[in-house]
Asks: 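Let me begin by handing over the structure; questions about it come next.
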Amino acid sequence: MIGATVLALSALLFAAALLFSGHGLQATLVPLVADAAGYSRFSIGLLWSAYAAGLMAGSILCGRIIIRVGHIRTFAALTAAVAAIMLLYAFVPSPSVWFGLRFLHGFLIAGVFMTIESWLNDKSTDNLRGLVMSVYSALSLLMISIGQLMINVVPPSDGRVFSLAGFATLIALIPVALTKSSAPPPVTRVEVNLKKLWQSSRVAVIGSAASGLTTSAYWGLGPVFGQGVGMTSAEISLYLSATVIGGALCQWVLGRLSDYIDRRRVAAFAGFGAALCGIAMTLAATRSFELLLLACFFFGAFAFSISSLCIAMASDRADPSDFVAISGGLLFVFSAGSVSGSMVGSVVMDVAGSSALYLYTAVIHGALGVIALVMTFGRPPVPPEEKREFRPVPTTSPEAYAMDPRGEG
């Protein structure tokens, strides 16, 4: 029984690893190619906004597809469609077409994430569920960073690099298509109650919005920032990967700290830390690549921890039965911020230059730090003995939250 569980989990995690590597490559590649093709920065920002809007819509609607045709058929169809879209980027390099492709890409990949996360949740035993979620969260970031480095295999100017992203996505079908596992139960449906969410934790809502505004600027415009300050493709991939690796390795540090002291203070610390690192990245970009990498690592450590800290904050004041709804609501707020963040960042870059991108994120992070710190004086903190243990959670779909043992009664 244990062997079968481990085998099923390893196959699904292997498929997830392949997916995230292709995902990381295309996320880096699209803005680089768009910038080289002469797209305006605002258009490049809109590309990520379209993707984020598709991701938000897919998280709400793709559950119906899974319920209707089952997990295996849904995974196979949507993954193949995502791979096809990756190939179409190279064949139809038109801004208007790419906007539509990015929305479809986000919608479809949301369904893929939901399918695999639902499956992981079903195949995880109660004593393994927390470990599986933590491994999945770290794996997603680490494999995305590997995907970012893959732009060095084929130059971004070579259309075959889109085929590489599509290939990594397509072969993720193999372990899932060959699985003998039975189908999981229906996927989680989340009803967003923003009023209840605000009452649960105002800092969590504000922090999730801030995280969406800033991380979308990183994903959608980070490669353009690199090109704008004169980095080579290899340097761009290294700087982007350093940021993601910092987030993957350091979320636990801030999270465990927040288990013992007021999480709002830790969120304020993360906000101030990310703001200072954003300023350091701006200053180091044209002076020292080594210092830039160091600043990027800590930027990722602070900025990528905020979303999971917000979920932990909100869950401390919620019933276990409400955990998935609370977390799904925060994902909705995060996604709404993501739709706007890259557009605002692109306007800032147009007005103040490419190097201003991380000054924009510094303003958002600094404001979050001030707000979180001020709000610590308004409501008493949750006592440490009443807190639920921090766990890093990926911002992919509500199914990731259904896997979280904090939602168990």
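Position 1 is the first residue of the sequence; numbering continues from there.
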Asks: List the steps and the verdict of side chain to side chain contact (heavy atoms under 4.5 Å, CB included) for M231 and F289.
Replies: CA-CA 9 Å; M231 294 184 200; F289 187 67; 4.3 Å; yes
Asks: Within the 3.5 Å criterion, strictly below it, is a donor on D262 or T376 matched to an acceptor on the partner's side chain?
Replies: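 No pair is found: no donor N or O on one side chain lies under 3.5 Å from an acceptor on the other.
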Asks: Are any of the side-chain heavy atoms of Y136 and I116 separated by less than 4.5 Å?
Replies: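 Y136 vs I116: side chains touch.
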Asks: Locate the shortest heavy-atom distance separating M56 from S335; write the atom from each residue and the value.
Replies: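 M56 and S335 have their closest heavy atoms at SD-CB, 3.7 Å.
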Asks: Can you confirm whether F14 is buried at CZ, in the sense that more than 12 heavy atoms of other residues, nucleotides or ligands lie under 6.0 Å from that atom?
Replies: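 Atom CZ in F14 is not crowded, with 12 or fewer foreign heavy atoms closer than 6.0 Å.
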Asks: So L29 and V161, do their side chains get closer than 4.5 Å, heavy atoms only?
Replies: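 Side chain of V161 against side chain of L29, heavy atoms only: contact under 4.5 Å found.
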Asks: Determine whether more than 12 heavy atoms belonging to other residues, nucleotides or ligands lie under 6.0 Å from atom CZ of F99.
Replies: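 Yes - once you tally the heavy atoms of other residues, nucleotides and ligands closer than 6.0 Å, there are more than 12.
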Asks: Please evaluate residues S355 and T286 with respect to the criterion side chain to side chain contact (heavy atoms under 4.5 Å, CB included), reporting the C-alpha separation (whole Å), side-chain torsions for both, the decisive distance (0.1 Å), and the verdict.
Replies: CA-CA 9 Å; S355 60; T286 55; over 6 Å; no
Asks: For A314 and A204, which heavy atoms make the closest approach, and how far apart are they?
Replies: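 Shortest heavy-atom contact: CB-CB, 4.1 Å.
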Asks: Run F299 and F304 through ring-ring contact (aromatic ring centres under 6.0 Å, His included) and show every step you take.
Replies: CA-CA 8 Å; F299 176 83; F304 285 16; 7.2 Å; no
Asks: Which value, rounded to the nearest 0.5 Å, describes the distance between L221 atom CG and S216 atom OG?
Replies: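 With rounding to 0.5 Å, CG (L221) is 8.0 Å from OG (S216).
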Asks: Do T74 and T115 have side-chain N/O donor and acceptor atoms under 3.5 Å apart?
Replies: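 Absent: no donor and acceptor within the cut-off.
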Asks: Pair Q251, S308 - check side chain to side chain donor-acceptor pair (under 3.5 Å), show working.
Replies: CA-CA 8 Å; Q251 285 191 60; S308 291; 3.2 Å; yes
Asks: Once you round to the nearest 0.5 Å, how far does CD1 of I306 lie from CD1 of I311?
Replies: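 With rounding to 0.5 Å, CD1 (I306) is 12.5 Å from CD1 (I311).
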Asks: Could you tell me the separation between the CG atom of L142 and the CZ atom of F20, rounded to the nearest 0.5 Å?
Replies: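 Going from CG on L142 over to CZ on F20, the span is 11.0 Å.
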Asks: Tell me whether the centres of the aromatic rings in Y51 and W219 are closer together than 6.0 Å.
Replies: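 Between W219 and Y51, which both carry aromatic rings, the centre distance is not below 6.0 Å.
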Asks: Taking side chain as C-beta onward, heavy atoms only, is T232 less than 4.5 Å from I236?
Replies: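 They are not in side-chain contact.
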Asks: Just how far is it from atom CG of L61 to atom CE of M114, taken to the nearest 0.5 Å?
Replies: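 Atom-to-atom, L61:CG and M114:CE are 9.5 Å apart.
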Asks: May I ask you to test the F272-L368 pair for a side-chain heavy-atom distance under 4.5 Å?
Replies: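 The answer is no; the side chains never approach within 4.5 Å.
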Asks: How long is the gap from CG on L12 to CZ on F75, to the nearest 0.5 Å?
Replies: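 Going from CG on L12 over to CZ on F75, the span is 8.0 Å.
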Asks: Are T169 and H23 side-chain neighbours, meaning at least one heavy-atom pair lies under 4.5 Å?
Replies: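 Result no, sub-4.5 Å side-chain heavy-atom pair not found.
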Asks: Can we call the ring centroids of F269 and F302 under 6.0 Å apart?
Replies: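 Between F269 and F302, the centre distance is under 6.0 Å.
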Asks: Would you check if there is a donor-acceptor pair between the side chains of S346 and R41 at a distance under 3.5 Å?
Replies: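 Side-chain D/A pair, R41 to S346: absent.
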Asks: Could you walk me through whether Y360 and F225 pass the ring-ring contact (aromatic ring centres under 6.0 Å, His included) check?
Replies: CA-CA 12 Å; Y360 155 70; F225 167 86; over 10 Å; no
Asks: Report the distance from atom CG of D35 to atom OG of S43, rounding to the nearest 0.5 Å.
Replies: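 If we round to the nearest 0.5 Å, D35:CG and S43:OG are 11.0 Å apart.
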